[in-house]
Amino acid sequence: MRISAVVVNWNGEHYLPACLDALGRLDLQEILVVDNASTDGSLALLASRYPAVRVVQVGENAGPARARNLGLEAAGGRWVLLLDNDVVVPGGLLENLSAAARSSPGVAVVQPRSVFAHDPERVHYDGGELHYAGLFSLRNWYVPLAQAEGSGWVPVGGFVSLCALVDRHALLALGGFDPRYFILFEDLDLSHRLRLAGHTILCAEDVVVRHDAGTEGISFRGGRSYPSSRVFYHSRNRWLYLAKCLRLRTLLVIAPGLLLYEGAWLFFVLRQGALGAWWRGKQAFFADLGRTRRLRRQVQRSRIATDRDLLKGGPLTLTPSLN
């Protein structure tokens with residue numbers, strides 16, 4: 001199995017060397033960096049230190065969802081290792097993930113387990129289930145690595161897109177990532193659509209990648225203030241996902257839970273002093289409702305699974321510093 005790597009980059013000059021040096025030690029068909037109009041020294045760094053890397057320039061900062069789609073379209077083979085610029089992969093990653101991809105028909109995504117770069121003994125992302133409240137219920141979230149449950153290749157409800165081996169044919173056949181999201185919920189949306197169409201998503205628990213600090217102004221780790229831009233995307237994108245992917249009957253049945261979560265989220269937003277960002281998110285959702293309805297019809301035509309098959313209940317996962 002020949003694999004292309006696609007790295008999504010925006011102002012990642014600080015992260016790229018560790019990411020690309022680790023990829024360079026793997027037996028990859030090619031390495032592409034899709035650059036979202038970086039204004040730091042990323043492009044100069046790529047030209048001087050990594051001339052063999054193919055650079056795809058987006059021309060604007062259209063977000064990681066759009067960049068991943070461009071990378072999938074430009075890649076040469078069927079299987080693509082998608083990753084963010086702040087991810088460092090270990091040796092042996094390709095062998096394990098490709099074996100998982102071949103383990104059963106219908107596998108479209110294999111995600112490795114990730115840990116924090118600053119705390120490599122603690123799990124960050126490990127796949128998750130599709131919670132009826134319109135969120136991921138994350139597995140082993142912030143759990144010490146030694147206590148994390150699961151081994152081998154575990155079927156999961158969805159993948160977190162910081163690093164994953166994906167079947168580009170399967171993803172592109174469903175339209176890839178929805179670029180309207182820009183960031184947040186785009187992987188939940190795609191996971192749901194893949195599962196509705198009958199595909200399988202696996203988490204490779206025995207492969208561990210390191211995940212660094214993320215995008216300034218968007219990513220949240222304990223100790224940082226919660227960015228207002230993230231409030232906006234959460235406020236808009238969760239409703240985009242629900243309106244696009246769930247049946248109307250399902251939305252009616254789960255409406256009490258959705259309202260309860262929205263109330264709790266609004267209380268958090270008020271505590272953060274970000275009510276304006278929350279409101280702008282709702283306005284943006286309604287402004288794009290016509291396109292959401294058109295995409296909704298496409299999603300519903302592709303479904304061979306039911307919402308009952310995919311959605312889970314139970315407690316949601318929260319960042320410990322927000323509890």
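Hydrogens, waters and symmetry mates play no part in the numbers below; they use all other heavy atoms, side chains included. Position 1 is the first residue of the sequence; numbering continues from there.
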Which residues pass the side-chain contact (heavy atoms from CB on, under 4.5 Å) test with [X], sequence neighbours left out?
X	answer
Leu248	Leu251, Arg296
Arg180	Asp178, Leu240, Lys244, Asp288, Arg291, Thr292, Leu295
Pro120	Val115
Leu172	Leu72, Glu73, Arg168

[X] and [Y]: side chain donor to acceptor below 3.5 Å:
X	Y	answer
Glu13	Ser42	no
Asp40	Trp10	no
Gln298	Arg301	no

Is there a path of hydrophobic side-chain contacts, each under 4.5 Å between heavy atoms of I/L/V/M/F/W/Y residues, joining [Y] to [X]?
X	Y	result
Leu196	Val109	no
Leu130	Leu246	yes
Val88	Leu93	no
Ile201	Val110	no
Leu138	Val123	no

Between [atom1] of [X] and [atom2] of [Y], what distance do you get to the nearest 0.5 Å?
X	Y	atom1	atom2	value
Leu190	Tyr181	CG	OH	10.0 Å
Asp27	Glu95	CG	CD	7.5 Å
Leu259	Leu266	CG	CG	12.0 Å
Ser114	Asp84	OG	CG	10.5 Å
Ser38	Asn85	OG	CG	8.0 Å
Arg49	Leu16	CZ	CG	9.5 Å

Are [X] and [Y] packed together at the side-chain level, in the sense that at least one heavy-atom pair is separated by less than 4.5 angstrom?
X	Y	answer
Val8	Asn36	yes
Pro256	Leu260	no
Trp265	Val231	yes
Pro90	Val209	yes
Pro144	Glu121	no
Val58	Val34	yes
Lys312	Ser137	no

Please test Leu43 against Gln57 for side chain to side chain contact (heavy atoms under 4.5 Å, CB included), starting from the C-alpha separation and ending with a verdict.
-> CA-CA 9 Å; Leu43 294 176; Gln57 296 192 43; 4.0 Å; yes
Is Glu262 paired with Arg238 through a side-chain N to carboxylate O contact shorter than 4.0 Å?
-> yes
Are any of the side-chain nitrogens in Asp21 or Arg25 under 4.0 Å away from the carboxylate oxygens of its partner?
-> no
Check side chain to side chain donor-acceptor pair (under 3.5 Å) between [X] and all other residues, then give those that pass, not counting sequence neighbours.
X	answer
Trp79	none
Ser98	none
Ser104	none
Ser191	none

Any pair with a residue in residues 246-258 that passes side chain to side chain donor-acceptor pair (under 3.5 Å), sequence neighbours left out, goes on the list, sorted by first then second residue, please.
->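 The answer is Thr250-Asp307.
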Test item: [X] side-chain N/O and [Y] main-chain N/O as donor-acceptor pair under 3.5 Å:
X	Y	value
Lys282	Arg236	no
Ser48	Ala44	yes
Asn11	Thr39	yes
Asn237	Ile183	yes
Asn9	Val33	no
His131	Leu316	no
Glu30	Gly76	yes

What heavy-atom pair brings [X] and [Y] nearest, and what distance separates the two atoms?
X	Y	result
Gly59	Ala37	C-CB, 4.0 Å
Ala108	Leu171	O-CD1, 4.2 Å
Gly127	Cys203	N-SG, 4.3 Å
Leu26	Leu94	CB-CD1, 3.8 Å
Val87	Leu83	O-CD1, 4.1 Å
Val89	Ala22	O-CB, 3.5 Å

Between Phe285 and Trp239, what is the ring plane arrangement, given parallel below 30°, perpendicular above 60°, and tilted in between?
-> perpendicular
Measure the acute angle between the ring planes of Tyr125 and Trp141, then classify it against the limits of 30° and 60° as parallel, tilted or perpendicular.
-> tilted
Does the ring centre of Phe182 sit less than 6.0 Å away from the ring centre of Tyr233?
-> yes
Please find out if less than 6.0 Å separates the ring center of Tyr142 from that of Phe116.
->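 Ring centroids of Tyr142 and Phe116 are less than 6.0 Å from each other.
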Can you check side-chain hydrogen bond (donor to acceptor under 3.5 Å, both in side chains) on Trp278 and Gln272, steps first, answer last?
-> CA-CA 11 Å; Trp278 176 88; Gln272 297 293 310; over 6 Å; no
So salt bridge (Lys or Arg N to Asp or Glu O under 4.0 Å) across residues 196-208, not counting sequence neighbours, yields Arg113-Glu205, Arg139-Glu205
Side-chain atoms of residues 154-165: list all donor-acceptor pairs with protein atoms under 3.5 Å, sequence neighbours left out, distances to 0.1 Å.
unit_1, atom_1, unit_2, atom_2, d
Ser161, OG, Arg68, NH1, 3.4
Ser161, OG, Arg68, NH2, 3.2
Ser161, OG, Glu186, OE2, 3.4
Ser161, OG, Asp187, OD2, 3.2

Looking at residues at least two apart in the chain, or sitting in another chain, which of them share a ring-ring contact (aromatic ring centres under 6.0 Å, His included) with Tyr241?
->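 For Tyr241 the ring-ring contact (aromatic ring centres under 6.0 Å, His included) partners, ignoring immediate neighbours, are His192.
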